[in-house]
Amino acid sequence: MKLWKSALIITACLMLVLIAAPVSAAQVSYSTAGIELFATAEGGNELVPGTETDFTIKLTNNAQYEVVAAESGLQRQYDVATAYQLRVTLEDADGITVKTGTQTVSQIAPGESATLTYRVSVDQYATPGPQTLKVRVVYNELFSVENYGDALGYYWLNDRVADVPLDVTVRSQVSPEVLEVSCDDISVGTTGFLTLTIKNAGGMDAQNAYASLITSSSGISSTAIVPVESSIFIGDFPAGSTKTVTFKVSVANNAEVNEYPVGLQIVYQDNYGVDQVSSPVIVGVPVDGKVEFKVTNVESSLGPGDKGLIKVTYTNTGNIKVYNAEARLSAVDPFSSNDDSAYLGDMEPGESVVGSYEVTVDSSATEKEYGLNTEIRYYDANDNSILSKSMKAVVDVKDQSGPLAFFTSPIFIIIVVAIVLIGGYYVFMKRKGKV
């Protein structure tokens, strides 16, 4: 009995070995039905026109795989459906520029994800609404693993390319576009008017809108130009409509002839009555040079004790026309005057005008050159009253009573003229034979 039981056990074991033997000798393989990559935006998919920001995407492997034949311990099933050595590029789209290059990920297994962050710039006038960006992924794929007895065979598919769509939304908002810039006599050290024609190039209608010049403290406009009035109410500003606004601005005294940037933005209420501020748009404002004058000539024939005219020639050396200019001469000791101002009128750039002053020189005056201060008060095109910087009119005081004075006196000139006339008459008569 015991012998029979032992034989039965041995027979059963042999049958199990025979049953198992064909399986271990068979080829065992895994294969994939295709890696499937899916992209979504992390933290929201909204992009704001006129901004540059970090944009994070989540790349997920939704691979589906199947096991053709399996034997425990040979190869993990998900290795076959894993994407390896991924090179991920977020590509530009209309109005959207990606400033970060290709990024790499070592691998993404089925059901797993990787996050990548790209610097994205959105154009001020990007078309609002939904858009689809393209995420190009180049990767390697372990297509199959096969078992040949004691050896495993690996089969790769390299540089597989997948263009993965990524849905985003460009926010609808007010986007100001400057169509025209007009500057009325904006020059160094003065105030002037800046007129802008602006268009709402965005996709949202603005309500209770204000057009605002951004001050220098915001870091956008130049310190050379400061708005006297920085905000102007323009009311409703529908998408596609235009408005013309005029700002009064002042220009710093230390500014130069140049074009300076100034920012413009729209403060408004959206369709829900919520206060919003548009992204700024930068415009260039040309600034003319200072109005400058120069004393180009001084005429006088004055000595100690004399009373007479000092004629000063003023030249507008700037590139701006001035209006109603009036010059003033400071008559200091030894000069005195009851009339120290001269009206010059309007002066074009490069034009010269003579101002005359009647002065008296004290009899005790020393014969020498005197520098008299003179200045001009004028009006610019915006009716600003401006005082020029002080200039010097050099007057040479000489004693006119010496021996040479006779030759420059009016009597001497009359005598010379009389001699010339008499001589001419004599020659004429002699030619006629009457002398």
Side-chain angles (χ1 to χ4, degrees), residues 178-198 210-217 221-235 242-264 283-296 312-330 339-357 373-393:
V178 178
L179 303 178
E180 185 178 353
V181 179
S182 176
C183 304
D184 293 335
D185 295 293
I186 296 180
S187 57
V188 175
T190 66
T191 60
F193 292 95
L194 172 63
T195 300
L196 303 176
T197 300
I198 56 177
Y210 287 82
S212 297
L213 282 186
I214 301 175
T215 62
S216 58
S217 60
S221 68
S222 168
T223 55
I225 299 177
V226 179
V228 176
E229 46 186 352
S230 61
S231 187
I232 296 176
F233 181 72
I234 58 176
T242 60
K243 297 279 187 178
T244 299
V245 291
T246 300
F247 298 92
K248 189 175 184 180
V249 298
S250 64
V251 184
N253 285 320
N254 60 352
E256 298 179 354
V257 178
N258 206 340
E259 184 173 88
Y260 291 92
V262 174
L264 173 77
V283 297
V285 179
V287 172
D288 291 324
K290 287 183 177 181
V291 174
E292 293 185 308
F293 300 95
K294 184 177 181 181
V295 172
T296 53
V312 181
T313 301
Y314 301 93
T315 302
N316 179 359
T317 59
N319 56 356
I320 302 292
K321 181 179 179 179
V322 300
Y323 302 87
N324 296 323
E326 185 174 359
R328 180 176 177 273
L329 184 71
S330 297
D339 181 18
D340 60 356
S341 62
Y343 182 74
L344 307 179
D346 300 344
M347 298 178 66
E348 297 282 353
E351 183 179 356
S352 297
V353 180
V354 177
S356 297
Y357 309 91
N373 290 330
T374 182
E375 57 195 9
I376 298 175
R377 180 170 291 280
Y378 63 93
Y379 290 85
D380 64 13
N382 300 311
D383 207 31
N384 298 305
S385 177
I386 304 169
L387 184 65
S388 75
K389 66 180 182 181
S390 182
M391 299 165 281
K392 290 290 185 182

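What you see below is based on every heavy atom in this structure, not just the backbone, and it leaves out hydrogens, waters and symmetry mates. It should be emphasised that the depicted structure is a prediction, and the values quoted were computed from it without experimental measurement.
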- Run the numbers on T191 and S250 for side chain to side chain donor-acceptor pair (under 3.5 Å), then give the verdict. CA-CA 4 Å; T191 60; S250 64; over 6 Å; no
- Any side-chain heavy-atom pair of E351 and D346 under 4.5 Å: no
- For the atom pair OG (S352) and NZ (K294), what is the distance rounded to the nearest 0.5 Å? 10.5 Å
- Message: So does E348 get a backbone contact from the side chain of N316, meaning a donor-acceptor N/O pair under 3.5 Å?
- Response: yes
- Query: Within a strict 4.5 Å, meaning less than it, do heavy atoms of the K392 and N373 side chains meet?
  - Reply: yes
- Check each of N258, V257, I225, T190 against V287 using the side chain to side chain contact (heavy atoms under 4.5 Å, CB included) test, and report the only one that passes. I225
- Distance, nearest 0.5 Å, that separates CZ of F193 from CD of E229: 7.5 Å
- Please round to the nearest 0.5 Å and tell me the distance separating atom CE of M347 and atom OH of Y314. 9.5 Å
- Task: Please tell me if the side chains of Y343 and N324 come closer than 4.5 Å, counting only heavy atoms from C-beta onward.
- Result: yes
- Task: Measure the shortest side-chain to side-chain distance between L344 and Y378 over non-hydrogen atoms and say whether it is less than 4.5 angstrom.
- Result: no
- Do side-chain atoms of T317 reach the backbone of E292 as a donor and acceptor pair under 3.5 angstrom? yes
- Exactly one of V249, V262, L213, V251 clears side chain to side chain contact (heavy atoms under 4.5 Å, CB included) with V285, and that residue is V262
- Query: Do T246 and T195 have side chains that get closer than 4.5 Å, going by heavy atoms?
  - Reply: yes
- Do the side chains of V178 and L264 get nearer than 4.5 Å, heavy atoms only? yes
- Can any side-chain N or O of S230 pair as donor or acceptor with the backbone N or O of P227 at less than 3.5 Å? no
- Message: Looking at S385 and Y379, would you say the former's side chain and the latter's main chain have a donor-acceptor pair under 3.5 Å?
- Response: no
- Message: With a 4.5 Å cut-off on side-chain heavy atoms, are L179 and T242 touching?
- Response: yes
- For E256, look at atom CD and say whether over 12 heavy atoms of other residues, nucleotides or ligands are found less than 6.0 Å away. no
